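Contents: one structure, followed by commentary.
Just follow the structure's listing: the first ligand is 1, and inside any ligand the first atom is 1. These figures come from a predicted structure and were not determined experimentally.
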Amino acid sequence: MGSFADIRANYQRIRREVPDSVTIVLAAKTRTAEEIQAAIEAGATHIGENYVQEATAIQAQLGKMADQVQWHMIGHLQTNKINKALPLFDVIQTVDSIQKAQAIDKRAESAGKDCIPVYLEVNIGSETSKHGISPGEHESFQSYLENLVQEMSQLSHVRLEGLMTMGPLFGDPEESRPYFQQTKALFDMIKSLSIPGVEMKYLSMGMTHSYQVAIEEGANMIRIGSGVFGDRE
Ligand SMILES: *Cc1c(COP(=O)(O)O)cnc(C)c1O
């Protein structure tokens, strides 16, 4: 647990360290409203939450302050939680199938969202323990991805704006580099398709232990938890 002063100092140090073009999403799972408030007061602009229930409670506690920042869903989103998630989040980073995208599309309008930006979550290492679309599960991942993106571009209340990946959770950040390179290549491939209705703007990869490598490999959005808030219990 860091003190509020530590949270402020950590956020501002990382904000100064990374280029202005890189968006920092603070991964706020398990953190209290007071800790998140300290980060917002220090200048944080984007908050990531993993669970709908936690996001509901935190936003209620933050009150008006919650409106100062963008909220990103960075955890696995179950279809039966989409209705509750939509009013809470500005961006859903964890779309992992056309069915999920369609389910969001179907519910967005009635939740008062004309169009919600989403990213595709790529399980770049095809690890069974992780969510996201896995290259290893498809004969030709490139054509699978092209089809998926084409189908998503048909949805009027969902707009694909990026890719998100986790990569290895621990260890030497150099071990993450090839995964980040592969994700960047997929990002560029989708971008080069120039599909109307798809606007590839954000490559969300890199966490506390790996964000420097992620930025070197083209991330323009990083998700930082323990590096700002301190170690999780
Ligand atoms: C917790 C989390 C992070 C941040 O992890 P840290 O190692 O604490 O920086 C990033 N992305 C997701 C999806 C997370 O759940």
Side-chain angles (χ1 to χ4, degrees), residues 1-2 6-15 17-18 22-32 35-36 38-40 42 44-58 69-78 81 85 88-96 100 117-134 161-177 179-180 183-184 187 202-233:
M1 283 271 295
D6 288 341
I7 291 171
R8 278 193 283 276
N10 289 337
Y11 175 77
Q12 287 170 347
R13 175 178 43 77
I14 298 176
R15 186 61 279 178
E17 179 194 327
V18 307
V22 174
T23 300
I24 302 173
V25 177
L26 289 187
K29 58 179 175 281
T30 77
R31 311 303 177 174
T32 64
E35 290 173 294
I36 296 168
I40 295 172
T45 51
H46 294 67
I47 308 292
E49 287 284 357
N50 293 63
Y51 303 101
V52 168
Q53 207 176 347
E54 202 173 325
T56 307
I58 290 290
V69 293
Q70 263 199 32
W71 293 86
H72 285 229
M73 177 58 174
I74 61 172
H76 182 64
L77 179 59
Q78 291 167 277
K81 296 280 169 64
L88 299 170
F89 292 103
D90 300 291
V91 178
I92 296 175
Q93 294 204 9
T94 50
V95 170
D96 55 2
K100 193 70 60 72
V118 302
Y119 310 161
L120 273 173
E121 181 175 2
V122 182
N123 179 5
I124 195 68
S126 304
E127 295 168 82
T128 49
S129 59
K130 287 196 185 135
H131 294 288
I133 50 174
S134 299
E161 290 194 354
L163 293 186
M164 180 274 213
T165 197
M166 292 287 282
L169 296 184
F170 316 100
D172 185 341
E174 282 303 323
E175 286 171 28
S176 300
R177 192 182 295 278
Y179 296 104
F180 292 156
T183 310
K184 174 66 158 70
F187 179 86
Y202 298 105
L203 181 54
S204 171
M205 59 186 192
M207 311 186 291
T208 296
H209 82 295
S210 60
Y211 70 88
Q212 280 111 338
V213 172
I215 292 169
E216 285 167 18
E217 297 305 336
N220 61 5
M221 183 175 280
I222 57 177
R223 305 180 310 272
I224 305 291
S226 49
V228 167
F229 294 112
D231 287 337
R232 278 180 294 276
E233 309 275 291

In short, Leu163 meets Phe187 closest at the heavy-atom pair CD1-N, 3.5 Å

Applying salt bridge (Lys or Arg N to Asp or Glu O under 4.0 Å) to Glu17 and not counting sequence neighbours gives none

Lining ligand 1 at under 4.0 Å, by non-hydrogen atom distance, are residues Ala27, Lys29, Asn50, Ile74, Met164, Met166, Met207, Thr208, Arg223, Ile224, Gly225, Ser226, Arg232

With sequence neighbours left out, the residues meeting salt bridge (Lys or Arg N to Asp or Glu O under 4.0 Å) with Arg15 are none

So the salt bridge (charged side-chain N to carboxylate O under 4.0 Å, His left out) pairs with at least one residue in residues 217-226 (sequence neighbours excluded) are Arg177-Glu217

CD1 of Ile36 to CD1 of Ile47, rounded to nearest 0.5 Å, is 6.0 Å

Here the gap from Thr45 atom OG1 to Leu26 atom CG, rounded to the nearest 0.5 Å, amounts to 8.0 Å

